[in-house]
Colleague: 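So that we are looking at the same thing, I have put the structure below in structure tokens.
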Protein chains: 2
Amino acid sequence: MPVNSFDNYPMSWKPDKKALKRPFYYSIASLLEQDIINGFLAPGTKLPPQRELADFLDLNFTTITRAYKLCEFKGLIYAVTGSGTFVAPNAARSITISTDKITDCIDLGFVASFEQTNGIVAEIIQKVADKRYLEKLLNYNDPTGIPHQKTAGLNWMDSFGIHVDQEHIAIVSGAQNALAIALTALFEPGNRIATDLYTYSNFIELAKMLNIQLVPIPSDQFGMLPNELEKQCCQTKIHGIFLMPSCCNPTTVMISDFRKHELAMVIRKHHLILIEDDIHAFLTAGMISDYQQPMFNLLPEQSVYICGTSKSICSGLRVAYMVYGDALRKNILQSIFNVNVKTSSLDAEVITELILSGRAHEIVSQKKQLAQSANDIYTEYFPVSKPVGHPLSFYRWLSIQEHHDAVQLETDLKMRGIRVFHSDRFLSGQTTPNKYLRIALSSTNSLDELKMGLEILKQYLG
Amino acid sequence: MPVNSFDNYPMSWKPDKKALKRPFYYSIASLLEQDIINGFLAPGTKLPPQRELADFLDLNFTTITRAYKLCEFKGLIYAVTGSGTFVAPNAARSITISTDKITDCIDLGFVASFEQTNGIVAEIIQKVADKRYLEKLLNYNDPTGIPHQKTAGLNWMDSFGIHVDQEHIAIVSGAQNALAIALTALFEPGNRIATDLYTYSNFIELAKMLNIQLVPIPSDQFGMLPNELEKQCCQTKIHGIFLMPSCCNPTTVMISDFRKHELAMVIRKHHLILIEDDIHAFLTAGMISDYQQPMFNLLPEQSVYICGTSKSICSGLRVAYMVYGDALRKNILQSIFNVNVKTSSLDAEVITELILSGRAHEIVSQKKQLAQSANDIYTEYFPVSKPVGHPLSFYRWLSIQEHHDAVQLETDLKMRGIRVFHSDRFLSGQTTPNKYLRIALSSTNSLDELKMGLEILKQYLG
DNA sequence: AGATTTGTATCTTTACATTTC
DNA sequence: TGAAATGTAAAGATACAAATC
């Protein structure tokens, strides 16, 4: 038995050899998990290399590989060949963003959707309640949507550039629900999905829950970098890619049309499944001159296009349209049955009526006006020399220099009466030197309240 | 290199050695999957033992283990130590039961819920549409349900024996949605859940999609056998158990109160998470003298109790109540955010109003009457000497002697104009010698149509 | 630029548990 | 009843690929 003295060796983590029970790999993973969750190992900490730790514990290094893998699966750590293994930025906490339990706080965190327009929806609900065929909406029939509801959806997406038949669209219960369906339908645990380095935190949490690994890809002002995507695809098996082309959450970046074509080429070459979350299409198509079409049209056979109505029409009625290529159809329908059985035809009917009556467009133009005002107010408080990202975005991405402790910063601001989210929440992988805040503009009860919130923020950041 | 001639050896499956590419385990699994899906290997076929196939292919036997495991994960095969590895009963097909695409057929397959009562629901929708606070139902707030809606839910479940506070109940989008949330929240891919040998086929499909393995446990007329459960728990790591105590779908068995206590003891001892799908509580509590309480009350800290309203109140409004112990709360809420964000407060409000106005109870008694009539009709066609299972069940479990080809039987009957489901669809694991049909009584447009369907069935079975 | 560091993927070895006969 | 058949679980060996210095 080799006798080593590693006491002087600089290992960031030394599990208690005596605490190990068989199976070793499992025992090591548990100890590591504990130490991360208890905060003994801070995010970013480099763990001992597999071979070092193996020597220290008198084990084969692949046993450490196995233990590390278990923790990586849970999103606690991430590994880079050649560099080492590190504690993940959001290892010890859930980064899910929801409206649960916010009290006495101006909310610049959660991105709502200017709920002032819901009066119109209430009117339409009354209209739907008086329909002769109301009773027909209350059974198990048409699990993917009643034909006329699907037609209305296609109608709605027509100006975005989506044109498919009834067999390739389904109504589901909101965009997040669509993401859950897409991931469970089309991916296996352990699969890898490429995403922007900063991406939608509820997508990160969903992937974590389903044990799907995210591979962060760098971007520039036109969107994800195709050569970086290409590099990752060659390096390791990537199964899919998640993009929000019309307005990335949280960075507000819009993918340029030329960039869409470049990315599509890489995606096609490597047979990735594209999940295109186009929840902001209503703010972009017909508004931004560079907008030509969704990426779905470039890759119809290997894409899922998701168009939620929560941001554009009404957040409380959980309705989204899912559009997919024929090759993906069977699996997606299966997952819809498994996860939802169906989406309430009543909710879908209200959205349908809103679209067909033209009131949905009325809501959209009101929301756009509100977004314009909110963005104007934001620019007063935080002027920028050169505007970046979507001009009507419901949130902004504010670069901050200091205040590097993400959790502390969020807590400080909450104590001052506002809720905002630090960029670390949106990290799909490694930590980065640049730090930001995402400032939601669409969740306060009024524009005055928004001003108050921004004032507090500006004073705090000094 | 050993030179063998296995041509005379009786191996049920001999992959083409030359077709193998590295990695071998993956290549073997793909070939096996193809041969199962193409029907070359029928359900029940015994595959070559790991060591035999390894010798044949000049590989180590654990490489075959790995290949088999991959297929087992996908639900294509199952393995029994000592006996061998077999092609799964439902390997090559989806057994999901839905209403999609049924045409010109009397439906005795899908279990609907006597949709004749939906007129009452339509009335209540009109009442809800006139509420002053309608607009307040249309935002992102209260993702787990508005307090008064939760209270109504607790109210509804009071007579079933459920008594918890607001923090331990959430409103989700139907019972199947609750199952999806429970499985993603509380289990990992590869975990094992004990179920009845015959169980709800959409649960089987859901587990398959999430790579959760089901371990079938034998039952008798009082429910699952505790000593068999105990045996399996000792043999292999089991993480959870799925039960439908009030009326097992498809067998109509009700778990006796003494059996609930016996099972609870085993579940507690082995720290299983109990998923209790009590969708039929409304047919059982207060009706069946043996009913005392849900199993949740015996194991509150390690249970999820699911009470869907689709069968009892209205199928088209997707609302279910999820009740859980404190230890499970955090994970369940996380999964609710990940999968649903929230359930439409409009739908929840309609169910709430139905409960509070007393109309829900009116619906239930109508449905019970319809169920009584339907069961009476069924008994005329298929009399039984000694009644088994729930007397008011919405479906019956008919033992059949011949007609052993499940797919053929279903197809034959469809050609004769009725849809029914063969027991093989409900098998959570191995094949069994006994065969049944599940006959839904609650899906025809009228009781006359039910009679017509049963008549066709009776003639066919001779 | 090439050796070193570090992680990944696959296959093999070993020990063992259950069922069958 | 105990040897043989069969599957399971964990750990080790080998080859390799990318990043670092």
Side-chain angles (χ1 to χ4, degrees), chain A residues 2 9-12 20-30 46-73 77-86 190-192 213 215 228 230-238 429-430, chain B residues 9-12 20-30 46-73 77-86 190 192 213 215 228 230-238 429-430:
Chain A
Y9 199 94
M11 281 213 296
S12 60
L20 288 191
K21 291 190 293 281
R22 293 187 82 113
F24 295 132
Y25 80 101
Y26 191 83
S27 187
I28 295 165
S30 299
K46 183 175 191 298
L47 294 171
Q50 297 175 352
R51 287 168 179 83
E52 299 283 355
L53 188 54
D55 275 6
F56 173 68
L57 296 172
D58 288 328
L59 292 170
N60 185 281
F61 81 96
T62 57
T63 303
I64 310 298
T65 311
R66 223 162 271 136
Y68 278 7
K69 204 89 232 145
L70 218 60
C71 289
E72 191 174 3
F73 235 62
I77 61 179
Y78 65 91
V80 185
T81 302
S83 312
T85 307
F86 306 84
N191 279 185
R192 296 190 190 87
Q213 312 299 306
V215 180
E228 294 282 343
E230 170 77 27
K231 205 176 86 186
Q232 282 295 329
C233 287
C234 292
Q235 228 170 80
T236 165
K237 176 74 193 146
I238 309 254
Q430 300 117 286
Chain B
Y9 199 94
M11 282 213 294
S12 58
L20 288 192
K21 291 190 293 281
R22 294 186 82 110
F24 294 131
Y25 79 99
Y26 190 84
S27 187
I28 294 165
S30 299
K46 182 174 191 298
L47 294 171
Q50 299 174 350
R51 286 166 179 83
E52 298 283 356
L53 187 54
D55 275 7
F56 174 69
L57 296 172
D58 288 327
L59 294 170
N60 187 282
F61 81 95
T62 57
T63 303
I64 310 298
T65 310
R66 211 163 289 127
Y68 278 6
K69 205 90 228 146
L70 218 61
C71 288
E72 192 175 1
F73 236 62
I77 62 179
Y78 66 92
V80 184
T81 303
S83 310
T85 306
F86 306 84
R192 296 191 190 85
Q213 312 299 305
V215 180
E228 295 282 343
E230 171 77 28
K231 205 176 85 188
Q232 283 295 329
C233 287
C234 293
Q235 225 171 84
T236 165
K237 175 75 193 143
I238 310 255
Q430 301 118 287

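Worth knowing before you read on, the calculation uses all heavy atoms, side chains too, and leaves out hydrogens, waters and symmetry mates. Just so we're on the same page: letters track the sequence lines, and every chain starts at 1.
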Colleague: Tell me if the CZ atom of A:Phe73 is crowded by more than 12 foreign heavy atoms within 6.0 Å.
Modeller: yes
Colleague: Between D:dA17 and A:Thr81, is there an OP1 or OP2 to side-chain N/O distance shorter than 4.0 Å?
Modeller: no
Colleague: Check each residue of residues 62-72 of chain B for a non-hydrogen atom within less than 4.0 Å of any atom in DNA chain C, then write out the ones that pass by number, or none.
Modeller: B:Thr62, B:Thr63, B:Arg66
Colleague: Out of C:dT8, D:dA13, D:dA19, which nucleotide sits closest to the side chain of A:Asn60?
Modeller: D:dA13
Colleague: Using OP1 and OP2 only, check whether a side-chain N or O of B:Thr85 sits under 4.0 Å from D:dG7.
Modeller: yes
Colleague: Quick check: on DNA chain C, is the nucleotide nearest A:Leu47 upstream (toward 5') of the one nearest B:Arg22, or the reverse? Name the residue that is more 5'.
Modeller: A:Leu47
Colleague: Roughly what angle, to 10°, lies between the helix axis at the start of the helix from C:dG2-D:dC21 to C:dC21-D:dG2 and the one at its end, five pairs per end?
Modeller: 0°
Colleague: Rounded to the nearest Å, what distance is computed from the CZ atom of residue A:Phe61 to the P atom of nucleotide C:dT4?
Modeller: 17 Å
Colleague: Would you say A:Tyr68 and A:Pro49 make side-chain contact, with heavy atoms under 4.5 Å?
Modeller: no
Colleague: Which heavy atom of B:Gln213 sits nearest a heavy atom of B:Gly190, and at what distance?
Modeller: CG-O, 4.2 Å
Colleague: Specify the separation, in whole Å, of atom CD of B:Gln213 and atom P of D:dT8.
Modeller: 11 Å
Colleague: Round to a whole Å and report the spacing from CD1 of B:Ile77 to C1' of D:dT6.
Modeller: 14 Å
Colleague: Given D:dA10, D:dT20, D:dG7, which nucleotide is nearest the side-chain atoms of B:Pro49?
Modeller: D:dG7
Colleague: Among C:dT8, D:dA19, D:dT6, which is the nearest nucleotide to the side chain of B:Arg51?
Modeller: D:dT6
Colleague: Could you grab the distance from atom CZ of B:Arg51 to atom CZ of B:Phe61, nearest 0.5 Å is fine?
Modeller: 4.0 Å
Colleague: Provide, to the nearest angstrom, the distance between the CG atom belonging to B:Asp58 and the C1' atom belonging to C:dC11.
Modeller: 14 Å
Colleague: Just compare D:dG7, D:dA10, C:dT10 and give me whichever is closest to any side-chain atom of B:Tyr25.
Modeller: C:dT10
Colleague: For a quick check of understanding: with a heavy-atom distance under 4.0 Å over all strands, which category does B:Phe24 fall into, base, sugar-phosphate or nothing?
Modeller: sugar-phosphate
Colleague: Would you check if the side chain of B:Ser12 reaches a backbone N or O of B:Lys46 as a donor-acceptor pair within less than 3.5 Å?
Modeller: yes
Colleague: With heavy-atom distances below 4.5 Å as the criterion, would you say the side chains of B:Ile64 and B:Leu57 are in contact?
Modeller: yes
Colleague: Give, for atom CG of A:Asp55 and atom CG of A:Asn60, the distance between the pair rounded to the nearest 0.5 Å.
Modeller: 10.0 Å
Colleague: For B:Lys231 and C:dA17, give me the distance from atom NZ to atom P, rounded to whole Å.
Modeller: 17 Å
Colleague: CG of B:Leu20 versus C1' of C:dT10: gap in Å, rounded?
Modeller: 14 Å
Colleague: Starting at atom CG of B:Asp55, determine the distance to atom C1' of D:dA5, rounded to an integer number of angstrom.
Modeller: 13 Å
Colleague: Side-chain N or O of A:Gln50 less than 4.0 angstrom from OP1 or OP2 on C:dT8?
Modeller: yes
Colleague: Without decimals, in angstroms, what is the distance between B:Arg192 CZ and D:dT8 P?
Modeller: 8 Å
Colleague: Within a strict 4.5 Å, meaning less than it, do heavy atoms of the B:Leu53 and B:Phe56 side chains meet?
Modeller: yes
Colleague: May I ask you to check whether over 12 heavy atoms, not counting those of B:Lys237, lie within 6.0 Å of atom NZ?
Modeller: yes
Colleague: How many angstroms lie between OH in B:Tyr25 and CZ in B:Arg66, if you round to the nearest 0.5 Å?
Modeller: 8.0 Å
